[in-house]
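Have a look at the structure below, then the notes.
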Amino acid sequence: MVDMSIRIGGVAGAGVSVTALILARILKEHGYHIQTFRDIPSRIRGGHTSETIRISDKPSFSPPSEINLLIAFDRDSITKYSKMMAKDGYILVDIGTVKSYDKPNGANFLEIPASKLAKEKLGSDLYRNTIIVGFIAEMYSLDKSTIRGVLSRIYGRKGEKIVNYNFEALEIGANYYKSHYKELKVNKIKKLSLETKRILLTGNDAIALGAIVAGCRFYAGYPITPATQILERLVNLMPRFGGVVIQTEDEIAAVNAVIGAAIAGVRSMTATSGPGFSLMSEAVSLAGMAEVPIVLVNSNRAGPSTGMPTKTEQSDLLFTIFQGHGEFPKVVIAPVNAEEAFYFTVDAFNLADICQCPVVIFVDEFISHGYQTAPLFNLDRIRIENGKVAETDNTGDDLYPRYKLTDDGISPRAFPGRTPGIFITTGLEHDEYGYPVENEEARVKMMDKRLKKIKIIREFLEKNMKSEIIGDPSSEIGLIVFGSVRGPAVEAIELLAKEGIKVKILRLKYLWPFPEKDVEEFVKNSKKVIVIEMNSTGQLYQLVKMTAGSSDKIVSVKKYDGRLFTPQQIAKEIKKVI
Amino acid sequence: MVTEKELMGKTPQWCPGCGHFGLLTALRKAIIELGYDPKDVFLVSGIGCSGRIPYYIKVVGFHTLHGRPIPPATAAKLVNPKLKVIAVSGDGDAFAIGTSHFIHGARRNVGVTYIVLNNMIYGLTTGQFSPTSPIGLKTKTSPRGNLETPVDGVKLALASGATLVARGFSGDISKLVELLKIALEHKGFSYVEVLSPCVTFNRVATYKWFKEHMVDVSTIDGYDPKDDTKVYEFLSKLPRDKIPVGLLYIKEDKSLEEKLGISEEKSPFTQDKTLESNKEKYLEVIMEYV
């Protein structure tokens, strides 16, 4: 069984993330499941930054409890993380950069003047990263040709000369290990043979891919941490599929552009985080009233206000659910990782088109930024459902009733440039033709029409995204979680099972309309319910109480330090409660 | 060819004598004379009296948020360039809340015609001053007279890189029709400001007042809307109280959709987006993440 972690720390801008990604790729090519955790500051250079890579032979989505290999590119790394070292873990220090440091007791130190060697032997300290990789390769007996393959792929664009320098750097690191640490006792990392390919990507990558596969051909967005990469991926992907991306002047322009493209008949999306999502509120209300299908991504970062842009949180739960003045049907879905984000993104577009309303994909900074392995996406699982569209006809050019009253509340859509194609879309309360109305009867009729759509929404969600129950269903203790808390929660109950403590989990896949039936049933079938979330006011806890009633048996566990729960933290909280 | 009657929507709720009637008539005439199919005309309006226009003309209409017609207009044009896209605003939409979108709409040079009905007042909210109100104008929110310098939409459009800048007067419909026709056929962003008196709330900027202050550039010897140096010179030399009207500036340049390779035939709207047709290409992209 392999379950180890590597943490790399250094000054921001010095190659911490680059090294982490190279190692992540190499270990993924060795057949292991990878999950990375980024602990980066909100700056470009300077300050301390670190990345953690968890490597295991089965999928895991939670932070490791201890570090097996710490790579220190600065002194801070040693001060900060030496307490987290596993008993037989190693701290590898680049003494070319770290001139002096305190050696806390009990830690095993290895040293290599990597940046010095890089400068002396290859002319640039940029090769320091690959020298470190070579050292590690020798230390864990990694497969050299696999590593060369990864380096060729990463640096191939920069030309053969650079690739060869990297190969040399690999040897320099390996030789240094051989001449200084050959006798070290280290658990080798064997290369596993895999039957199927795996991909390595972030949640943002997955959402961008999901949008393309869903047939989204318009994206408008404004850069904001941690959603920026969705804009950047799509800027490159969209044109390959004949789509358009515009970087707008702000988030208000982005969401309004998305509405315009959707009215014109093209699936459209934008992605943002708290500050930008706040700006989009008015337009979401418009989309709800005007019945325009739009997909928004809200990647929760630590707030409020500017908060901590590179840290994770689930503090926008209630805001996301209740965003937009007035009342209108809306959907909020919450994938837990990159793989689920891909499929959920397609679902989001289908649901938006079917119900002609805003759909929000609610993730967090961790899901957006963390690299993880996933099985190759299976396109046979994908269905594109476009909802009700008015059939092309030759009924002439009469004004088409865009908001025709129907049994299920959903009116067939028309698009400009087609027949039927003359219709009115509006944010005012309106009649079937979109003309403004204010009288009591018309208002109630149209509001009821829109709210009727919630029935269809619930049917879709209950069929495709029913909340999942993990663990022994007969357990008396139940957890309720969503999003990235699922990962550590699942590991936590595995740890507790080893101690004979049985716990089950209700994991919500959609947050709005709230899965009342799933929650009520779960609460009824549990003696104790612990709602675990990453915010300071217990927002999911409020929703659970709204649904299942206040009672002593429902308690709240909260974490709001900007970092994901570890399984150990969750296990400890559960033990406190029971 | 569509008829005037076929283009009629509901009877406008504007006050009798409102300048907006002139623009509405001119717009209908322009659409008819250009031979446009109403279902290809996408008209997006903001909030205010001007915002109601989609209900009064039978084309594809979108009555959107205050200040926000340009982003959805831009997007619609980019996903289906076959559409003739018109964004309509009042002076509040264009020069208060939506000014950023105005600048960026002009910068992007997407084929949208931006019609700004300028009555130098906020009408629908019953008479507050606007960013284009003359200094000293007494309104409900400037009881001692407006103290804020009015913004000049023409100069703002020019500074933002608009490739067509024009100003008309709703009291002169035939000239307005000509300006609208040039603007609608212009490749890229066209700005058409329409001086449009509010007979109910603006007792200063009346038809008479506009006529007294307007200077028609087509009557100026040697005025060349294609020569930006001459245009800037003319504008800088013009006395402050004069309002230039006519085709003020025009530049032939590629529109953004052209630069992006989007056309009527090859657009996000017309494309085959089914899973079946794209499966191979999708797999290729997914494999790049292996």
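Sequence lines set the chain letters: A, B, ... in the order given, protein chains first and strands last, and positions in each chain run from 1.
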Among [options], residue most engaged with chain B (heavy-atom pairs, under 4.5 Å):
| options | answer |
| --- | --- |
| Gly427(A), Gly242(A), Cys216(A), Ala262(A) | Gly242(A) |
| Gly215(A), Ala261(A), Pro416(A) | Pro416(A) |
| Val213(A), Ile212(A), Ile424(A), Leu399(A) | Val213(A) |
| Arg198(A), Glu282(A), Met238(A), Arg267(A) | Glu282(A) |
| Phe342(A), Tyr435(A), Tyr433(A) | Tyr435(A) |
| Leu201(A), Leu286(A), Thr373(A), Ile259(A) | Leu286(A) |

Requested in this report: Show your reasoning for whether side chain to side chain contact (heavy atoms under 4.5 Å, CB included) applies to Tyr400(A) and Val60(B).
Outcome: CA-CA 10 Å; Tyr400(A) 177 77; Val60(B) 190; over 6 Å; no

Report task. Only one of Arg240(A), Arg153(A), Lys197(A) passes salt bridge (Lys or Arg N to Asp or Glu O under 4.0 Å) with Glu288(B); say which it is. Result ->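 Only match with Glu288(B) under salt bridge (Lys or Arg N to Asp or Glu O under 4.0 Å): Arg240(A).
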
For the residue pair [X] and [Y], what are the closest heavy atoms and their distance?
| X | Y | answer |
| --- | --- | --- |
| Asn256(A) | Pro71(B) | CB-CB, 3.9 Å |
| Pro268(B) | Gly243(A) | CG-CA, 4.3 Å |
| Arg52(B) | Pro436(A) | NH1-CG, 4.3 Å |
| Asp398(A) | Lys58(B) | CA-NZ, 4.0 Å |

Quick one, [X] and [Y] - any side-chain contact, counting heavy atoms below 4.5 Å?
| X | Y | value |
| --- | --- | --- |
| Thr248(A) | Arg108(B) | yes |
| Ile384(A) | Thr274(B) | no |
| Val290(B) | Lys28(A) | yes |
| Asp250(A) | His101(B) | yes |
| Ile382(A) | Tyr282(B) | no |
| Ile422(A) | Val59(B) | no |
| Phe415(A) | Asn80(B) | no |
| Thr425(A) | Phe42(B) | no |

In Å and rounded to the nearest 0.5 Å, what is the [atom1] to [atom2] distance from [X] to [Y]?
| X | Y | atom1 | atom2 | result |
| --- | --- | --- | --- | --- |
| Ile246(A) | Leu260(B) | CD1 | CG | 9.5 Å |
| Phe218(A) | Phe269(B) | CZ | CZ | 15.0 Å |
| Phe62(B) | Arg402(A) | CZ | CZ | 11.0 Å |
| His430(A) | His63(B) | NE2 | NE2 | 12.5 Å |
| Leu376(A) | Met287(B) | CG | CE | 6.0 Å |

I need the residue from [options] with the largest number of non-hydrogen atom pairs under 4.5 Å to chain A.
| options | result |
| --- | --- |
| Lys10(B), Lys266(B), Lys273(B), Lys77(B) | Lys10(B) |
| Val79(B), Val85(B), Asp272(B) | Val79(B) |
| Pro69(B), Ala76(B), Ala75(B), Gly9(B) | Ala75(B) |
| Ile47(B), Ile262(B), Leu65(B) | Leu65(B) |
| Ser45(B), Ser100(B), Ala73(B), Pro54(B) | Ser100(B) |

Query raised in the report: So with a 6.0 Å cut-off around NZ of Lys259(B), is the heavy-atom count from everything else above 12?
Result: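 Yes, enclosed.
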
Query raised in the report: More than 12 foreign heavy atoms under 6.0 Å from NZ of Lys181(B): is that the case here?
Result: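 Result for NZ/Lys181(B): enclosed.
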
Which region of [X], side chain (C-beta onward) or backbone (N, CA, C, O), has a non-hydrogen atom less than 4.5 Å from a non-hydrogen atom of chain B, or is it both or neither?
| X | value |
| --- | --- |
| Leu379(A) | both |
| Ala220(A) | neither |
| Leu200(A) | both |
| Ala283(A) | both |

Query raised in the report: By a 4.5 Å heavy-atom criterion (distance strictly below it), what part of Leu283(B) contacts chain A: side chain, backbone, both, or neither?
Result: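 When you check distances to chain A, atoms from both the backbone and side chain of Leu283(B) fall under 4.5 Å.
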
Report task. Please look at Leu78(B) and chain A and tell me whether the side chain, the backbone, both or neither of the residue comes under 4.5 angstrom of a heavy atom of that chain. Result ->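 For Leu78(B), heavy atoms of backbone and side chain both lie under 4.5 Å from chain A.
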
Requested in this report: Decide, yes or no, whether a salt bridge links Asp380(A) with Lys279(B) under the criterion of side-chain N to carboxylate O below 4.0 Å.
Outcome: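 Salt bridge: yes.
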
Report task. Report yes or no: does Gln271(B) contribute a side-chain atom to a donor-acceptor pair with the main-chain N or O of Phe241(A) at less than 3.5 Å? Result ->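 Checked: pair present.
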
Query raised in the report: Does the pair Tyr55(B) and Leu428(A) meet the rule for a side chain to side chain contact (heavy atoms under 4.5 Å, CB included), with working shown?
Result: CA-CA 11 Å; Tyr55(B) 308 115; Leu428(A) 282 174; 3.6 Å; yes

